[in-house]
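The block underneath contains the structure these notes are about, expressed in structure tokens.
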Amino acid sequence: MIADNLRDFLTQLERAGELARVERSVSVVLEISEIADRCMKAPRGGPALLFTKPGLAGGRSASMPVAINLFGSYRRMCLALGVERLDDVGARITELLTLKPPEGWREKLAMLPRLAELTKYPPRAVSGDVPCQHVVLKGGDIDLGSLPIITCWPEDGGPYITLPQVITRDPRSGVRNVGMYRVQVLERDRLAMHWQRHKVGAAHWRDMAARGEKMPVAIAMGGDPASIYAASAPLPPNIDEYLFAGFLRRKPVALAKAVTNDLQVPAEAEMVIEGYVDPAEPLVLEGPFGDHTGFYSLADYYPAVHVTAITMRGDPIYPTTIVGRPPMEDYYLGHATERIFLPLLKFTVPEIVDYHMPAPGIFHNLVFVSIDKQFPGQAWKVMNALWGMGLMSLAKVIVVLDKDVNVRDPDEAWWVALNHIDPERDIRFSMGPIDVLDHSSRAFTYGSKMGIDATTKWKEEGFDREWPGRIVMDEETKQRVDRMWGELGIRL
Ligand SMILES: Cc1cc2nc3c(=O)[nH]c(=O)nc-3n(C[C@H](O)[C@H](O)[C@H](O)COP(=O)(O)O)c2cc1C
């Protein structure tokens, strides 16, 4: 069962021994970040944290607790999505994508509920008693400075909302997008919106600018954990994240009309900041910000959000996260995406067996892929396919290996890759879009990529020497040694 809202998720985490409460007063300026960082770097991601007495910048106490590191372990990520293993979600998607024509009425009948899964849980509109609108602040009552929005790192440009669901609408199709984009607090009622140029929210903004229209925006905090995760998932632009969250939850997400614009917001959220971006206005300086890469992102120009209302529960809990030198909480959100999207990658690139983006590679810097190689040049085909797919197009280094390599173990992947390559023959450079956060590319968001073909080389690929096998002990000897192990007096 996936929790319906953040407070239920916290209860679930507490019961599972995954939550630590901090009752002492701790400042939202750097202190929460330092404590959370120590936990995130602990074995298995440390505990989720609930700070019950956050102190605001001026020394005042905040009126609500702060939750952090909610998704920061394999276990918590599974609890968030209501599965035993993250691959279980992938298995559900694989079933949906297996489009074998049914044979006979039995198979036809069995297929019906499977197809219905796709559309069974669309978001549900609710009105009346909407939890996230129990308190409504407008006009002079709006003060972002009264919220426990944390300052993450010493050189950050200011306090940042870091775990939001940023809701916008495609002006052409009307399809909603929900993205997790950090938002910097500039003034009591003004924010800077860091949607990067490759992201869907930014595309909506460009479309609204072309039309010369003001763009409604809602920034939701909390709600059910599947919706929070879905905001970070790189879904195609025409798929509503709340529909996807409904699929994950096997239950619709309840949405209510925002108070000051016509977007819909998650009714079970803890808090929603409503507002608009005026594309006619000059951009504002956003950043610097201690980022996923472990380095500061330099300040740059982004649109301002004017806040028209802050709505919240009567007793809200403010969820947040920090990013920085890996491993951090975001690794587990990204890892869920890696596992959930494997069947979709396989759907278009069927030779892919598995893939992995290790934590130090910050998602876009390094992708290991294993393939079932059936013809010469296939590793290059796979790299080129990946560089043409959604946000995978931002991958800086792709290493392709044979199917017998466990790419989820970076030590094994590097060991095999470094043995298998003749660098001049097996490494190629390509060009393409580069992640906004990359500070080394020759130009902002444009630069080179490296593909490494670490598969076994074939004669048709110009390799005419013999390829050696891996060293593995024979089963009989292993079993003999197993039987004598107790008598050897060796402790490992
Ligand atoms: C904690 C966290 C913070 C993020 N911050 C940003 C950000 O500031 N800007 C951005 O464009 N993407 C950010 N991302 C990545 C996006 O959430 C991700 O690319 C997502 O797919 C974007 O949604 P979209 O595909 O609907 O645009 C962040 C991800 C996480 C997990």
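Just follow the structure's listing: the first ligand is 1, and inside any ligand the first atom is 1. Keep in mind the model is a prediction, meaning the values are calculated, not measured.
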Original post:
Side chain or backbone of Asn177 under 4.0 Å from ligand 1, or both, or neither, by non-hydrogen atoms?
Top reply: side chain
Original post:
What residue and atom, counting heavy atoms only, is the protein's closest point to atom 27 (O) of ligand 1, and at what distance?
Top reply: Tyr181 OH, 2.7 Å
Subject >> Closest to atom 20 (C) of ligand 1 among Gly179, Ser232, Gly201 (heavy-atom distance) >> reply: Ser232
Subject >> N-O pairing of Arg339 and Asp354 below 4.0 Å >> reply: yes
Original post:
Which ligand 1 atoms, with their elements, are less than 4.0 angstrom from a heavy-atom of Thr321?
Top reply: 1 (C)
Subject >> Shortest protein contact, atom 9 (N) of ligand 1 (heavy atom only) >> reply: His194 O, 2.7 Å
Subject >> Exercise: do Thr293 and Asp291 side chains pair donor with acceptor under 3.5 Å >> reply: no
**OP:** Answer side chain, backbone, both or neither: which part of Ala202 comes under 4.0 Å from ligand 1, heavy atoms only.
**Re:** neither
Subject >> Option set Lys199, His292, Arg176, Arg182, criterion heavy-atom distance to atom 3 (C) of ligand 1, minimum >> reply: His292
**OP:** Measure Val436 to ligand 1 on non-hydrogen atoms and call it side chain, backbone, both or neither using the 4.0 Å cut-off.
**Re:** neither
Original post:
What is the nearest protein non-hydrogen atom to atom 25 (O) of ligand 1, stated with its residue, atom name and distance?
Top reply: Val200 CG2, 3.9 Å
Subject >> Donor on one side chain, acceptor on other, Thr321 and Glu329, under 3.5 Å >> reply: yes
Original post:
What are the two closest non-hydrogen atoms of Pro148 and Leu56, and how far apart are they?
Top reply: CA-CD2, 3.8 Å
Subject >> Proximity to ligand 1 by part of Pro237, non-hydrogen separation under 4.0 Å >> reply: neither
Original post:
Can you list the atoms of ligand 1 that are under 4.0 Å from a heavy atom of Pro234?
Top reply: 21 (O)
Original post:
Within the structure, does Asp330 bring an N/O atom to less than 3.5 angstrom of an N/O atom in ligand 1?
Top reply: no
Original post:
Is Asp262 salt-bridged to Arg169, going by a charged N under 4.0 Å from an acidic O?
Top reply: yes
Original post:
Is the shortest N/O to N/O distance between Trp195 and ligand 1 below 3.5 Å?
Top reply: no
Original post:
How many angstroms lie between atom CD1 of Ile322 and atom CE of Met328, to the nearest 0.5 angstrom?
Top reply: 4.0 Å
Original post:
In terms of side-chain geometry, is the basic nitrogen of Asp224 or Lys251 positioned less than 4.0 Å from the acidic oxygen of its partner?
Top reply: no
**OP:** Tell me yes or no: between the side chains of Tyr160 and Thr320, is some donor less than 3.5 Å from an acceptor?
**Re:** no
Original post:
Would you say the side chain of Val22 lies within less than 4.5 Å of the side chain of Leu50, judging by non-hydrogen atoms?
Top reply: no
Original post:
Numbering the atoms of ligand 1 from 1, which are under 4.0 Å from a heavy atom of Ala233?
Top reply: 21 (O)
Original post:
Given that the side chain starts at C-beta and the backbone is N, CA, C, O, which of these parts of Leu391 lies under 4.0 Å from ligand 1, counting heavy atoms, or is it both or neither?
Top reply: side chain
**OP:** Give the residue, atom name and distance (to 0.1 Å) of the protein heavy atom nearest atom 5 (N) of ligand 1.
**Re:** Met180 O, 3.5 Å
**OP:** Examine distances only and state if a side-chain atom of Arg92 and a backbone atom of Phe247 form a donor-acceptor pair shorter than 3.5 Å.
**Re:** yes
Original post:
Where does Glu241 meet ligand 1, judged by heavy-atom distances below 4.0 Å: at the side chain, the backbone, both, or neither?
Top reply: side chain
Original post:
Taking the minimum heavy-atom distance to atom 23 (O) of ligand 1, which of Ala231, Pro236, Gly287 ranks first?
Top reply: Ala231
Subject >> Donor-acceptor pair, side chain of Gln133 and main chain of Lys257, under 3.5 angstrom >> reply: yes
